[in-house]
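Following: one structure in structure tokens, then a few remarks.
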There are 2 protein chains.
Amino acid sequence: MSVTLKDIAKKLNVSVSTVSRVVNNKKYVSPKTREKVLKALEEYNYTPNQVARSLKNKSTNTVGIVIPDITEDFFSYIIKGIDHVLVKNGYSIILCDTNESAEREELYLNLLVEKQVDGLILATVSKDHKLIKNIMKRGISVIFIDNLPKLKNSYDSVIIDNAKASYIAVEHLIELGHRNIGIITGKQDETTGYERLIGYKRALIENNIEIDENLITVGDFKEKSGYNNMKLLLEKNKNMTAVFVASSKMTFGAIKAIKEKGLRIPEDIALVGFDVHDPSGLITPSITTIIQPEENIGKAAAELMLKRLSEKGEKYHQKIVLEPQLLIRDSCGANKYKK
Amino acid sequence: MSVTLKDIAKKLNVSVSTVSRVVNNKKYVSPKTREKVLKALEEYNYTPNQVARSLKNKSTNTVGIVIPDITEDFFSYIIKGIDHVLVKNGYSIILCDTNESAEREELYLNLLVEKQVDGLILATVSKDHKLIKNIMKRGISVIFIDNLPKLKNSYDSVIIDNAKASYIAVEHLIELGHRNIGIITGKQDETTGYERLIGYKRALIENNIEIDENLITVGDFKEKSGYNNMKLLLEKNKNMTAVFVASSKMTFGAIKAIKEKGLRIPEDIALVGFDVHDPSGLITPSITTIIQPEENIGKAAAELMLKRLSEKGEKYHQKIVLEPQLLIRDSCGANKYKK
DNA sequence: TAATGATATGCAAACGTTATCATATTTTAC
DNA sequence: GTAAAATATGATAACGTTTGCATATCATTA
């Protein structure tokens, strides 16, 4: 169907090797021949077959991305960042949305290995890392983002400083005068949930505020658990004046619980959320939130990947930690005098 | 590095063909041999090399997706739908985010052709269809979504009934008693923008409301143009009581313009938006909106793709039109008596 | 028992490249 | 003017599969 090197070679009565040299802009072709071949390539609209190249070169110039849910802003921005730098370097990405299912994750990983991806960028949900270890042993470069697996051996990763994220969130609340600050964090067997609790505690301790276990709740990053835990916090802590919620969906749930109780934000409860992008800019009050630099996470992961793919031999694994930001909007009352 | 058919064959002193037959579950292998081979495949952890298979079979089991912006909910949900059905059928997707640049779109398309994708699902922004025509000529199955190109030849597509979308939006406003209804539609050289204006007009005409050109504005689907056009509408039409905005970003812009003028939604201006997902559920007032069945668009496109890829010979192109829905929330006042 | 057909297995070519090697031609240098 | 070096070109093998063909074995049937 499509034109191959052989076709061109035949038309011009030259060898396939010569045509290949021209296509790849290599030495040892006379100017006349090069000219002639170039014209023919143009005329017959030759397109190199990357599949054949990949087979020969043992490299597909393809990176697999496995994430739990592409409809979450957090992940779609990361993908945009990855795509941007990878494409500029001649790579393309195979995208896999596991829908938060460990089973599908495994299916996808096998598929990607069969497709001979050169590298893998993973936001894994699975707790079973047998397959992943196997993949790494195969020599496929793996980079973890968002959440870190518990592996003995070292590995590459790009994350934010999760402890610092909650630290600056809680510090902000403390600076505004709050003392009874609740938290809804995430699962403690995931680094994200765990680290975010650490930062909360550290902020309190460093400000000589006693840690009150009643103010600590653990959710599962989903909206429902934000809602439930907020109700719990409100019931158990009558004097709580502020809360930090460690994921966007839980933030939405928590706000609904607060409103349902007839409480006002920020007057009755000040709130700092997590990953609240609000592209519409229409949420009222606008939510003060921790923001991760998603596109930069994606870019950093992609750049690290490129580096790994160009190296040969020993690789010294790297953990790239980016800074979270506190985006001050209206849900803490910090802006009330500025308006 | 990884184990090949040849490796296995050598270990067992059988031919490569035999091993291949076992791997592909084909006839003409004795039970004993099959058993033996199966065990070896397991033992040496054989993984088929899809690159080699693709070269031989002239099919990569890969579909390229080209979209303008993955961070828009509209597209991320479509991708989820596509991914879901394609993966179940052994295909994977190469994702390309053009960032709304026609130039990058061209770059990506060429890349995808070189990678020998079996099919292409496109939400194109480019107006130059030379390349795309070329791709179709090559025998690659192409399916358009969202926005239709102006091509002489027939082609496959999955869209919603855009005229109907605005028709039901405007009809809703008319039923609520509005007569002076403005519209902010999209670019008239894109089918989406054009059709959405058609539906608006039809709704008015069928309800014996005269069309007033002052009530019609044309934006570019971006937030800024929603804002600007809303201001324009408000200035030129003192008696306008309702507006239909034909994209999510323009809806956000329009609402800001309305609020800035000190007008209330829905009391002073009733509004129907487009594609307003509001995953937080925290926008107040919540926006009555046209919703496209994104995941179904994705699924339909993927299923049509599978059909095309399994056919040989003549393909009778198909235009699949899905139904938009009106999601009634609070921005039109329709719910005021129900509460 | 001989003939027939089904089953089992291997060989070799092919998919479209790239890369190594050999050979032929040209250029450079003294 | 010749040796050495650089350039130009092609033949061939290889990457890991699948598949058509040839051959060999086995079971079936008249």
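Because the structure is a prediction, the values reported are computed rather than measured. Chain A is the first sequence line, chain B the second, and so forth, proteins listed ahead of strands; every chain is numbered from 1.
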Starting at atom [atom1] of [X], determine the distance to atom [atom2] of [N], rounded to an integer number of angstrom.
{"X": "B/E114", "N": "C/dG16", "atom1": "CD", "atom2": "P", "answer": "15 Å"}
{"X": "B/K27", "N": "C/dT9", "atom1": "NZ", "atom2": "C1'", "answer": "15 Å"}
{"X": "B/Q50", "N": "D/dC15", "atom1": "CD", "atom2": "P", "answer": "19 Å"}
{"X": "A/L55", "N": "C/dA19", "atom1": "CG", "atom2": "C1'", "answer": "14 Å"}
{"X": "A/R34", "N": "D/dT7", "atom1": "CZ", "atom2": "P", "answer": "12 Å"}

Terminal axes of the helix from C/dT1-D/dA30 to C/dC30-D/dG1 (five pairs each): angle between them, nearest 10 degrees: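 So the angle between the two local helix axes works out to 40°.
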By the 4.0 Å heavy-atom rule, please label [X] as base, sugar-phosphate, or nothing.
{"X": "B/S54", "value": "nothing"}
{"X": "A/V14", "value": "sugar-phosphate"}
{"X": "A/D7", "value": "nothing"}

Check ion pair A/K88-A/D83 (N to O, under 4.0 angstrom):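 Answer for the salt bridge query: no.
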B/K133, NZ atom: more than 12 neighbouring heavy atoms under 6.0 Å: no
D/dA14 phosphate, OP1 or OP2, under 4.0 Å from A/K58 side-chain N/O: no
N/O (side chain, A/S15) to phosphate O (OP1/OP2, D/dT9) under 4.0 Å: no
Quick one: side chain to side chain donor-acceptor pair (under 3.5 Å) partners of [X], sequence neighbours excluded?
{"X": "A/S54", "answer": "none"}
{"X": "A/S15", "answer": "A/T18"}
{"X": "B/N49", "answer": "none"}

Sequence-aligned protein contact record of nucleotides 17-28 of chain D, with B where the base is within under 4.0 Å of a protein heavy atom and S where only the sugar-phosphate is: BBBB--------
Side-chain donor/acceptor pairs under 3.5 Å, residues 295-305 of chain A, sequence neighbours excluded:
none

Sequence neighbours excluded - ring pair (Phe, Tyr, Trp, His ring centres under 6.0 Å) pairs with any residue from residues 77-97 of chain B: B/Y77-B/H277
A/V51 or B/Y28, whichever maps to the more 5' nucleotide of DNA chain C: B/Y28
Considering only distance and modelled atom types, tabulate donor-acceptor pairs under 3.5 Å from the side chains of residues 35-47 of chain B, sequence neighbours left out.
residue	atom	partner	partner atom	Å
B/N45	ND2	A/N134	OD1	3.4
B/T47	OG1	A/R138	NH1	3.4
B/T47	OG1	A/R138	NH2	2.8

Set of ring pair (Phe, Tyr, Trp, His ring centres under 6.0 Å) partners for B/F74, sequence neighbours left out: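 Checked B/F74 against ring pair (Phe, Tyr, Trp, His ring centres under 6.0 Å); zero matches.
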